[in-house]
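Quick note on labels: first sequence line is chain A, next is B, and so on, each numbered from 1. The analysis underlying the following values was restricted to heavy atoms, covering all of them including side chains, and did not include hydrogens, waters or symmetry mates.
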There are 2 protein chains.
Amino acid sequence: MAHEDHKEIVQEIKGNMPDADTLFDLADFFKVFGDSTRIRIMCALFERELSVCCIADIVGMEQSTVSHQLRILRQENLVKVRRDGKQSYYSLEDEHIQKIFEMGLEHILE
Amino acid sequence: MAHEDHKEIVQEIKGNMPDADTLFDLADFFKVFGDSTRIRIMCALFERELSVCCIADIVGMEQSTVSHQLRILRQENLVKVRRDGKQSYYSLEDEHIQKIFEMGLEHILE
DNA sequence: TGAACATATGAACAATTATTCATATATTAT
DNA sequence: ATAATATATGAATAATTGTTCATATGTTCA
């Protein structure tokens, strides 16, 4: 236990928090931003849609690696795919992503 | 290799991207948001500053676990500490954090 | 000074995750 | 159909990371 109003504070805060499931999902969402390969992939996609092999060359990693990471980005609805012949072209799902990206950048550049 | 304008596109995008170091730091920053325990701790701190033992009770984890996670939050300048007698009171460093949090929440609630 | 309490930290363990290799699937052109 | 190319995926491995236990540090009060 602890100081005087411990119990009351705990109850108050617990009552006002979003439910655990939501926060769990939120953590999963941010987890996607927490890897430098994925961050670089997303960053590349800010400019335009790109094929998998272009992305691989841009980030300097194996095509396989990029494919795996793109799947993760797809699962969290951060990117969408378009097939055109042999290529798959990936692009960002919406603009939230760039905004969150920029806010993070703001924070670390302080 | 790949389709026609592959090389040009790769060069163009590579030229416009922030340098790798910055993106690495950015990923590290978001990594902090990518754990449900830390997310819950931050969420609790939106309301007010809290002692370590309060936080431990709110998130339902060991004091030790919370202390370790608070250190990580401190290292990334997301929280600050204030000593008052035996207790350490933690609070959020700035408002970026809540904004980023809310944007993430917006995204997953779609 | 010593007891009691709050917090911090090191070591160990379990679990998760990123990457690569090898290979499968899909598409196009010959 | 076969060859060539682009992408996707499964298995294996290495590395990272979250949690806990045990204990150290710091603070107050008797």
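When rounded to the nearest whole Å, the span between CZ of A:Arg38 and P of C:dT19 equals 8 Å. Taking atom NZ on B:Lys86 and atom P on D:dG26, their separation rounds to 16 Å, with Å as the unit. In this structure, the CG atom of A:Leu73 is 13 Å from the C1' atom of C:dA18, given to the nearest Å. Distance, B:Arg82 CZ to C:dA6 P: 16 Å, rounded to whole Å.
No side-chain donor-acceptor contact under 3.5 Å links B:Arg82 to the backbone of B:Tyr89. Under the 3.5 Å distance criterion, the side-chain polar atoms of B:Arg38 are matched with a main-chain donor or acceptor of B:Lys31. A donor-acceptor pair is defined here as one N or O able to donate and one able to accept, closer than 3.5 Å; such a pair exists between the side chain of A:Arg83 and the backbone of A:Gly85.
Residue A:Thr37 places no side-chain N or O under 4.0 Å from the OP1 or OP2 atom of C:dA18. Contact check, B:Lys31 against D:dT17: a side-chain N or O comes under 4.0 Å of OP1 or OP2. Contact annotation: A:Tyr90 does not reach the phosphate of D:dA6 (side-chain N/O to OP1 or OP2, under 4.0 Å). At least one side-chain nitrogen or oxygen of A:Ser67 sits closer than 4.0 Å to the OP1 or OP2 atom of D:dA8.
Along DNA chain C, the nucleotide nearest B:Gln63 and the nucleotide nearest A:Met61 are compared for position; the residue whose nucleotide lies closer to the 5' end is B:Gln63. Between A:Arg83 and A:Thr65, the one whose closest nucleotide on DNA chain C sits nearer the 5' end is A:Thr65.
As judged by a 4.0 angstrom heavy-atom cut-off over every strand, A:Ser88 is placed among residues touching the sugar-phosphate backbone only.
Counting non-hydrogen atoms of neighbouring residues, nucleotides and ligands closer than 6.0 angstrom, the CD atom of A:Glu95 reaches no more than 12 such neighbours.
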Within the sub-3.5 Å range, which N or O atoms of nucleotides 10-12 of chain C have a protein N or O partner, and how far apart are they?
| residue | atom | partner | partner atom | Å |
| --- | --- | --- | --- | --- |
| C:dG10 | O6 | B:His68 | NE2 | 2.9 |

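Checking B:Phe30, B:Phe33, B:Phe29 one by one against A:His107, the ring pair (Phe, Tyr, Trp, His ring centres under 6.0 Å) holds for a single residue, B:Phe29. A side-chain contact (heavy atoms from CB on, under 4.5 Å) with B:Val10 is found for one member of B:Glu12, B:His6, B:Glu8, B:Lys7 and no other, namely B:His6.
In this structure, the nucleotide among C:dT20, D:dA6, C:dT9 sitting nearest to the side chain of A:Gln87 is D:dA6.
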